[in-house]
Participant: 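Okay, here's the structure, questions in a sec.
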Amino acid sequence: MDEVYSEKEFMKHNVALHKAINKEESPVKQKHVRSAIIGTFSQQGAQVFWSISVRLPCMDDMIVAWKFCYVLHKILREGHPLCLSHSQRHREYLDNIGKLWGHLEDGYGKLIKQYTHILMNKLDFHRKNPRFPGNLNVTTDDLTSICGNNPDICFQMSVEMFDYLDTILDLQKTIFLYKSSSMTMQGQCRLGPIIPCIQDASRIYDHNVKILFLLHSSVPYDVLSGHRDRFMKQFKQLKLFYQHTNMMHYFKNLITVPPLPDKPPNFQDNFNTYVTQEVYVPPEEEEPTTANLIDTADVPDTAPISYLPDNFDIIAERDNIIKNLQEDCERLRVEVNDLYRKGREDKNKMEDHITNLETKLAIKESELTHEKELNELNALSQAQDQEHKEKEERFKNYYMKLREEHISLLREKAKVDKSLKSAEEKMPELVSFNKTVETKLKEAEMKQNEALKELQSVKLEKSDELAGFHREIETLKMEKEAFKKNSSEVDVSLVETRKKLEETKMEKKELDEKINELMSSISKQSVEVIKMKSENDDKLKDFVEKSLDANVACLKCSIVESESPATSALSCTPEYLRASTVPCQEAIESLRGLSLDEPRYLLPAANKLACKFSIFILQGRATSNTSPDISFGEKLTDECKALGESVLNLLEGIKTRSLTDEGLQKSLDHLSSVASLAETMIERIHGNVSENLENMLECEITAMDKAIEEGAKKMQEMLSKSREADSGIKLQVNEKILDSCTMLMLAIRVLVQKSKLLQEEIVQQGKGTATAKEFYKRNHKWTDGFISAAKAIGVAATYLLSSADKVVRGEGKLEQLVVAAHQISASTAQLVVASRVKAHRNSENLKNLSDASKNVTSCTGAIVGTVKDCSELIDEPTELDLSNMTVLQATRSEMEAQVRVLALEKELEEERFKLSALRRHNYQRSGSDEGGSN
């Protein structure tokens, strides 16, 4: 403890607890509980309370254990905020008390076990949710802040509140099960804990409603079905709990419990429509404790009393002084009481202020703890995000590595192509250079020939001119010398030209060798390029095949998943399924004219086809789950499977390069079939089939009435013909049969007329401001039953007419009339039941219909009796003449009779089995027809 308390304060707290928790079977006095609660504020927690409580004889006396649980509940609710944390370490002690007394089924044993369960649940709840105070009073904003708009936190907190409220409801149920009288001390001792339980239950109910509103605003409606079911169960139990409490006179002045609404909150409505129900506990009246601050007892006179007449004035003066002193004392007493009251009020205000500060401190500490938990959760989520990022980075690096390898291969291919192209470009240059050298060589040879020719011509000219020009001999000699000199220079240039020619030939040879080397390297590189290209083609082909295999596997997985029972919980609207057929049709149409040798066009089309139809097949399965007709839903599922198989064939055709227009058209046909089924399902769901129910019902009633009227007329005609043609027993039998059948027809006609009047009354009362067609559409199940009953009556009446005709003409059996009569009775009963479902209880038309039904039943019985009488008239018993039979003949006749009896019994059993099968088939067929119509 933070402070050291005096022994006097400890003893005061000890005395208060021992007075509150004693062995007497009487209610706990609230002043002692209040002293214990105030003690927790003065001691800043529940440490002193627990140091005293563990020494109480809770393990020895059940009354002490029961009162201890009640006082602990009050302290946890209204005591110091630290009482919740100080009590966490004593959960094992509470558990031991509950286990000890839980073995006793009588008395307080079961109550103590359930009460300790409540206290341990309360401690667990406040340990997990420290921002809730002990009395659970938080505002809506605080509750939203505690939940943090996190659906997971709201979901878990709602479950914890459900568990907490279940323990409270179990305890109150057990308390009221003992039927304790609230007028006795023993009954009040049992009923005392009801008040804090109601206070906790009202707060938990209010918080749970608000949390469920928050959940329904952020979580799908179907996910919270379990929460809603559990809430509905607790709502009903809590409503009975409040009603039982309000009916008891004991709680009238102790607590005011507002009744819960008739209907539970609708969590799909606006939250502003919900109104919080406040439980009010009136303040308890304090017992007057006026302390005698001044002793007003008689003070003995110190002076002797003298009865002499001379002392009368002294006595009077003394009396006046005493009176004045008493008045002063009274005035001082009033002033002291005022000062004491004011000091107590100031003390209470300071204690309240201290309590508020301590509560705020505890809330801040809990918020700090909550923030630490949130920080830890954020750190954990960041670690998980970092791990996901690392995985993404690894996948990204692997993809970039593959991409760089592909790019490097493409670059090498480009270099090889470039080198090959440059070599091919250099080939013409080398050829042209060789041609240029050869051209220059030829020009040099031509120049040499020309020079020789010129030299010969010059010599000839000079020799010719030598004879004619002697004068010019010297000149010619000089010219000859010059010519010789020029000739030597030409020889030197010729030698140089020849050397250059040799060098050019050598260069040409070297160039030829280089060209050969380049050609060989080009051929090698071409082989490598071809090899790399084939490898790339193989890789590309393998990639395309793997991609197509993945698409096929994805589509097959969707088909298998559509057959799995796990998909039976999925749902999809037929409108969405119908809208999804458009992109699927586009995916199929995109395959027309597709080049199967171009992967850049092939793969996107195949991926789109597999993706669209994988989703579409699962949507078809989910849509079939919403079909009210099971056979129709199975038909839709089978059509979706057939569509999946056809799309698988398309993918196989793409893979084998054998895609045909017939396969495309087949897939489109299956897709249109699924779309038409979805359209039919939309029409059935929206009730388009039920549009003409009014006309159908009117037609059936009219047809039934007309058939019965015609049947009655034909009965009269048959009776007239029989009287003209027959006589004797046959006439008597025909008259009885036709009279009873005519009476039944008339009774049925009256029944039909009464049912029509009642049906019109039902429509007028039930449709309100709507039309009759809308009434029949809204109540189409009832209308279908009514139509079915009318059809059955018409069919039975027609069968009765034909049977009577055959019997009169001697071609039928009397048993046919009995069967027809029973069928009419059953059908009229169905009609009456269908009418009674919607009719008012005190309706006069309903009474008339019941009377008409009874009349039909009596007429049916009359037909059965008539048939028996007629069969006795026709089939007179014949006695066997056994006088002339020997013993052997009698024995043989007996054996033949037994054989006949066994054969007839076997035939009877077979006919009964056939009748059972027919009835079962008709029942199933009628049920499926009604399901389809719905």
Side-chain angles (χ1 to χ4, degrees), residues 73 76-77 84 91 94-95 98 113-138 140 142-176 193-194 196-245 257-261 263-269 271 274-277 279:
H73 194 178
L76 292 178
R77 276 190 50 81
L84 292 168
R91 287 186 76 261
L94 291 173
D95 191 20
K113 181 179 180 181
Q114 291 179 347
Y115 210 164
T116 55
H117 195 191
I118 289 177
L119 296 175
M120 288 190 291
N121 267 354
K122 184 174 181 67
L123 292 175
D124 289 340
F125 178 79
H126 288 287
R127 176 174 54 82
K128 296 176 183 177
N129 305 282
R131 296 180 65 181
F132 280 93
N135 56 8
L136 300 174
N137 286 334
V138 294
T140 304
D142 294 336
L143 182 63
T144 306
S145 176
I146 292 170
C147 295
N149 291 326
N150 190 340
D152 295 334
I153 297 177
C154 294
F155 197 94
Q156 182 62 29
M157 188 177 294
S158 178
V159 173
E160 293 172 0
M161 289 188 176
F162 280 137
D163 295 339
Y164 191 1
L165 188 56
D166 279 338
T167 57
I168 294 175
L169 293 173
D170 291 341
L171 177 62
Q172 64 86 20
K173 184 178 180 180
T174 308
I175 290 175
F176 288 128
I194 290 293
C197 287
I198 290 177
Q199 291 175 313
D200 278 356
S202 65
R203 291 285 94 195
I204 292 170
Y205 169 77
D206 180 59
H207 297 333
N208 217 355
V209 170
K210 294 176 182 177
I211 290 174
L212 287 175
F213 269 110
L214 291 175
L215 282 174
H216 279 79
S217 64
S218 58
V219 178
Y221 186 78
D222 295 338
V223 177
L224 300 173
S225 60
H227 276 54
R228 288 194 300 275
D229 295 339
R230 196 170 180 186
F231 176 79
M232 285 296 299
K233 180 180 177 183
Q234 290 187 351
F235 176 81
K236 295 176 182 178
Q237 294 178 354
L238 192 62
K239 190 171 183 180
L240 292 175
F241 178 25
Y242 286 178
Q243 290 176 356
H244 201 168
T245 304
V257 185
L260 292 178
K263 295 181 179 179
N266 186 2
F267 298 112
Q268 290 182 324
D269 291 343
F271 174 67
Y274 171 69
V275 179
T276 302
Q277 303 288 337
V279 174

Participant: For Asn121 versus Asp163, what's the shortest heavy-atom pair and its separation?
Facilitator: ND2-O, 3.8 Å
Participant: Is there a donor-acceptor pair closer than 3.5 Å between any side-chain N or O of His73 and the backbone N or O of Leu119?
Facilitator: no
Participant: Do other residues, nucleotides or ligands put more than 12 heavy atoms under 6.0 Å from the NZ atom of Lys113?
Facilitator: no
Participant: So that I can tick it off, tell me whether Arg127 and Asp124 are bridged by a salt bridge, with the cut-off set at under 4.0 angstrom between side-chain N and carboxylate O.
Facilitator: yes
Participant: Side-chain contact, heavy-atom cut-off 4.5 Å: Ile146 with Met157?
Facilitator: yes
Participant: With distance as the sole test, does Ser158 use its side chain to make a donor-acceptor pair with the main-chain N or O of Cys154 at under 3.5 Å?
Facilitator: no
Participant: So among Thr167, Asp170, Thr174, which one has a side-chain hydrogen bond (donor to acceptor under 3.5 Å, both in side chains) with Gln114?
Facilitator: Thr174
Participant: Nearest 0.5 Å please: distance from the CG atom of Leu238 over to the CG atom of Leu260.
Facilitator: 5.0 Å
Participant: Side chains of Phe132 and Asn137, heavy atoms from C-beta outward: is any pair under 4.5 Å?
Facilitator: no
Participant: Mind checking whether Ile168 and Gln237 have side chains closer than 4.5 Å, heavy atoms only?
Facilitator: no
Participant: Report yes if the side chains of Val209 and Phe267 come closer than 4.5 Å at any heavy-atom pair, otherwise no.
Facilitator: yes
Participant: Give me the atom names and distance for the closest heavy-atom approach of Tyr242 to Ala201.
Facilitator: OH-C, 4.1 Å
Participant: Which pair of heavy atoms, one from Pro133 and one from His126, lies closest together, and at what distance?
Facilitator: O-CE1, 2.8 Å
Participant: Parallel, tilted or perpendicular, judged at 30° and 60°: which one describes the rings of Phe231 and Tyr205?
Facilitator: parallel
Participant: Is a side-chain donor or acceptor of Gln234 paired with a backbone partner of Phe162 at a separation under 3.5 angstrom?
Facilitator: yes
Participant: Side chain to side chain contact (heavy atoms under 4.5 Å, CB included), that's the test. Do Met120 and Asp95 meet it? Break it down for me.
Facilitator: CA-CA 8 Å; Met120 288 190 291; Asp95 191 20; 3.7 Å; yes
Participant: Hey, is the main chain of Leu215 close enough, under 3.5 Å, to the side chain of His227 for a donor-acceptor pair?
Facilitator: no
Participant: Quick one: pull up OG1 in Thr116 and CG in Leu171 and give me the separation to the nearest 0.5 Å.
Facilitator: 9.5 Å
Participant: Can you tell me if Arg131 uses its side chain to pair, donor with acceptor, with the backbone of Asp142 under 3.5 Å?
Facilitator: no
Participant: Evaluate the side-chain proximity of Leu123 to Leu94: yes if any heavy-atom separation is below 4.5 Å, no if none is.
Facilitator: yes
Participant: For the side chain of Asn129 and the backbone of Phe125, is there at least one donor-acceptor N/O pair under 3.5 Å apart?
Facilitator: yes
Participant: Please evaluate residues Glu160 and Ile204 with respect to the criterion side chain to side chain contact (heavy atoms under 4.5 Å, CB included), reporting the C-alpha separation (whole Å), side-chain torsions for both, the decisive distance (0.1 Å), and the verdict.
Facilitator: CA-CA 10 Å; Glu160 293 172 0; Ile204 292 170; over 6 Å; no
Participant: Side chain to side chain contact (heavy atoms under 4.5 Å, CB included) between Leu76 and Leu84: does it pass, once the steps are laid out?
Facilitator: CA-CA 6 Å; Leu76 292 178; Leu84 292 168; 3.9 Å; yes
Participant: With heavy-atom distances below 4.5 Å as the criterion, would you say the side chains of Asn208 and Leu165 are in contact?
Facilitator: no
Participant: What are the two closest heavy atoms between Cys147 and Ile211, and how far apart are they?
Facilitator: SG-CG1, 4.3 Å
Participant: Ion pair present between Lys210 and Asp206, side-chain N to carboxylate O less than 4.0 angstrom?
Facilitator: yes
Participant: Quick check for you: to the nearest 0.5 Å, what is the distance between Leu169 atom CG and Lys233 atom NZ?
Facilitator: 9.5 Å
Participant: Could you check Val257 against Phe241 for side chain to side chain contact (heavy atoms under 4.5 Å, CB included), going step by step and ending with a plain yes or no?
Facilitator: CA-CA 10 Å; Val257 185; Phe241 178 25; over 6 Å; no
Participant: Heavy atoms, side chains only, cut-off 4.5 Å: are Arg230 and Val159 in contact?
Facilitator: yes
Participant: Can you tell me how far apart NE2 (His207) and OG1 (Thr140) are? Round to the nearest 0.5 Å.
Facilitator: 9.0 Å
Participant: Does Gly134 offer a backbone N or O that forms a donor-acceptor pair with the side chain of Lys122 under 3.5 Å?
Facilitator: yes
Participant: Measure the spacing between NE2 of His244 and CD of Gln172 and express it to the nearest 0.5 Å.
Facilitator: 8.5 Å
